[in-house]
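A, B, ... follow the sequence lines: proteins, then strands. Residue 1 opens every chain.
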Amino acid sequence: MKSEPDAFSIDDLQKVKIEPWDGIRNYQARNFMRDQMRIGDKVFFYHSSCAEPGIVGLMRVHSKPYPDPTAFDSGAKYFDAKSDPENPRWMMVDVKFSRKLKKPILLAELKGYSELQDMKLLQRGNRLSIMPVEEKHWLFIEGLF
DNA sequence: GCCAACGTTGGC
DNA sequence: GCCAACGTTGGC
């Protein structure tokens, strides 16, 4: 799961411990939260759109999917008039802090490993802010900690 | 700031 | 349903 550190960083998560991952307005990203995530699933926290993009920490899924309340708040940045509270368009989960890596694993480093060449994160043009990680890739990256 | 790669919108 | 225009993401 990606976040711009200026908006919400791994340090912010370490402080608050649990964070509702709201504001996702992309159907594919929503589907991953709504359909694939289970409580306790491990998640990489990735800093994007910054000087040194990369994996900076670990967290876990901490709730079942539920409607994103910011979609119903007409004053909120992520308000969506087309999301009906009776039939919510945007679903999200809460995440819980696990740990911060001593040293981030930067995107530039990840790109260098032949073992990760087919990883979704590294595919050309990928802009998804939430995506699944294959087990083989997860295990390889864990070995880099 | 630039640009590639999408995703969304809206006219037809 | 098609597709051009526009908006967004995100690395560089």
Side-chain angles (χ1 to χ4, degrees), chain A residues 1-16 18-37 41-63 65-145:
Chain A
M1 297 173 85
K2 302 180 183 176
S3 179
E4 300 187 16
D6 288 347
F8 187 78
S9 71
I10 186 70
D11 292 320
D12 294 326
L13 182 63
Q14 186 162 20
K15 272 178 221 151
V16 300
I18 294 166
E19 175 74 4
W21 208 264
D22 58 23
I24 299 300
R25 298 292 178 269
N26 171 284
Y27 290 105
Q28 266 186 282
R30 177 207 65 186
N31 292 348
F32 290 134
M33 288 198 286
R34 187 189 63 187
D35 305 333
Q36 315 254 120
M37 289 189 180
D41 282 354
K42 293 191 283 187
V43 179
F44 288 136
F45 193 125
Y46 179 95
H47 280 177
S48 66
S49 294
C50 56
E52 296 193 312
I55 296 168
V56 294
L58 288 167
M59 52 193 181
R60 283 184 187 269
V61 176
H62 198 252
S63 76
Y66 63 99
D68 182 340
T70 66
F72 309 130
D73 176 357
S74 62
K77 182 181 176 189
Y78 297 109
F79 173 63
D80 180 356
K82 294 177 190 162
S83 185
D84 174 5
E86 296 302 312
N87 183 22
R89 176 178 295 192
W90 302 113
M91 305 289 284
M92 56 176 226
V93 297
D94 294 345
V95 293
K96 185 180 182 192
F97 177 81
S98 296
R99 60 179 283 209
K100 179 184 174 180
L101 301 187
K102 281 183 200 141
K103 201 165 161 271
I105 303 171
L106 301 181
L107 177 61
E109 180 184 348
L110 293 170
K111 283 180 173 173
Y113 297 113
S114 59
E115 292 88 340
L116 301 178
Q117 287 314 299
D118 56 341
M119 192 180 177
K120 215 177 180 99
L121 176 71
L122 304 184
Q123 298 315 302
R124 180 182 182 81
N126 171 61
R127 300 178 309 149
L128 272 179
S129 65
I130 298 176
M131 68 190 80
V133 178
E134 286 181 49
E135 187 174 23
K136 61 178 180 178
H137 296 144
W138 184 282
L139 293 172
F140 179 80
I141 292 168
E142 267 188 338
L144 302 172
F145 294 171

Aromatic ring pairing A/F45/A/W21, orientation class (parallel under 30°, perpendicular over 60°, tilted between): perpendicular
The correct set of residues in residues 1-12 of chain A placing a heavy atom under 4.0 Å from DNA chain B is none
Interatomic distance, CZ@A/R60 vs OG@A/S98, rounded to 0.5 Å, equals 5.5 Å
What residues 100-122 of chain A contributes to the DNA chain B interface at heavy-atom separation below 4.0 Å is none
A/K111 meets the side chain to side chain donor-acceptor pair (under 3.5 Å) criterion, sequence neighbours left out, with none
When you check the gap from the basic side-chain N to the acidic O, do A/R25 and A/D80 get nearer than 4.0 Å?
-> no
Residue set satisfying side chain to side chain contact (heavy atoms under 4.5 Å, CB included) with A/K2, at least two apart, ordered chain then number -> A/Y46, A/S48, A/L121, A/N126, A/S129, A/M131
Residue pairs passing the salt bridge (charged side-chain N to carboxylate O under 4.0 Å, His left out) test with at least one member in residues 42-57 of chain A, sequence neighbours excluded, are A/K42-A/E142
### Message
For a 4.5 angstrom cut-off between non-hydrogen side-chain atoms, does A/V43 reach A/I130?
### Response
no
Exercise for review: Would you confirm whether A/Q117, through its side chain, and A/Q123, through its main-chain N or O, come within 3.5 Å as a donor-acceptor pair?
Suggested key: no
Residue set satisfying side chain to side chain donor-acceptor pair (under 3.5 Å) with A/K120, at least two apart, ordered chain then number -> none
Here the residues of residues 65-73 of chain A within 4.0 Å heavy-atom distance, strictly under, of DNA chain C are none
Sequence neighbours excluded, the answer for side chain to side chain donor-acceptor pair (under 3.5 Å) partners of A/R34 is A/N31
Does any non-hydrogen side-chain atom of A/M59 lie less than 4.5 Å from one of A/M1? yes
Using residues 6-13 of chain A as the side-chain source, report each donor-acceptor pair under 3.5 Å to any protein atom, sequence neighbours left out, with the distance given to one decimal.
residue : atom : partner : partner atom : Å
A/S9    : OG   : A/D11   : N            : 3.2
A/S9    : OG   : A/D12   : N            : 3.2
A/S9    : OG   : A/D12   : OD2          : 3.3
A/D11   : OD1  : A/K100  : NZ           : 2.8
A/D12   : OD2  : A/S9    : N            : 2.9

Residues 83-115 of chain A vs ring-ring contact (aromatic ring centres under 6.0 Å, His included), sequence neighbours excluded, gives A/Y27-A/W90, A/Y113-A/F140
| Side chain to side chain, A/P69 and A/M92, heavy atoms closer than 4.5 Å | yes
Here the gap from A/L106 atom CG to A/H47 atom NE2, rounded to the nearest 0.5 Å, amounts to 11.5 Å
Its 5'-most and 3'-most nucleotides having an atom under 4.0 Å from a non-hydrogen atom of chain A, DNA chain B is contacted over B/dA4 to B/dT9
Ordered by number, residues from residues 85-95 of chain A within less than 4.0 Å of DNA chain B (heavy atoms) are none
